[in-house]
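Comments concern the structure below.
Fair warning: this is a prediction, and the values are worked out from it, not measured in the lab. Starting from 1, each residue takes its place in the sequence as its number. Computed over heavy atoms, backbone and side chain alike; hydrogens, waters and symmetry mates excluded.
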Amino acid sequence: MQQKHWVLLGLLLLGLGAGYYWMIQTDDSEEVAEQSEEDITREQTEAHMRQIGYVQ
């Protein structure tokens, strides 16, 4: 009976560790996406809009 408890405890800890690792990985990818959108200047955006034919 005690061996089952150790196995369940080990699986619980493994699941918690995997969940923590997954949370860290998704946070990093969202920060990279936000930084890439902010790196474009207004002049670059206007030049791109002229290039694709979007004129106001």
Side-chain angles (χ1 to χ4, degrees):
M1 194 76 171
Q2 285 186 344
Q3 185 177 6
K4 288 183 182 179
H5 289 167
W6 284 110
V7 170
L8 291 175
L9 182 63
L11 289 175
L12 178 63
L13 291 174
L14 183 64
L16 289 173
Y20 178 73
Y21 178 75
W22 181 74
M23 291 295 288
I24 290 174
Q25 294 302 315
T26 55
D27 289 341
D28 291 343
S29 63
E30 291 174 359
E31 290 176 7
V32 170
E34 290 175 5
Q35 289 175 354
S36 64
E37 291 175 3
E38 294 175 358
D39 291 340
I40 298 173
T41 63
R42 181 177 178 171
E43 291 80 19
Q44 291 172 332
T45 303
E46 291 174 354
H48 177 68
M49 292 173 80
R50 281 192 296 274
Q51 182 182 9
I52 62 173
Y54 181 81
V55 179
Q56 290 187 354

Please name all residues satisfying side-chain contact (heavy atoms from CB on, under 4.5 Å) with L13, sequence neighbours left out, ordered by chain then number.
L9
To the closest 0.5 Å, what do you measure between CG (L12) and NE2 (H5)?
13.0 Å
List in chain and number order the residues that pass side-chain contact (heavy atoms from CB on, under 4.5 Å) with I52, two or more places apart in sequence or in another chain; answer none if no residue qualifies.
H48, Y54
What residues form a side-chain contact (heavy atoms from CB on, under 4.5 Å) with Q44, not counting sequence neighbours?
I40, T41
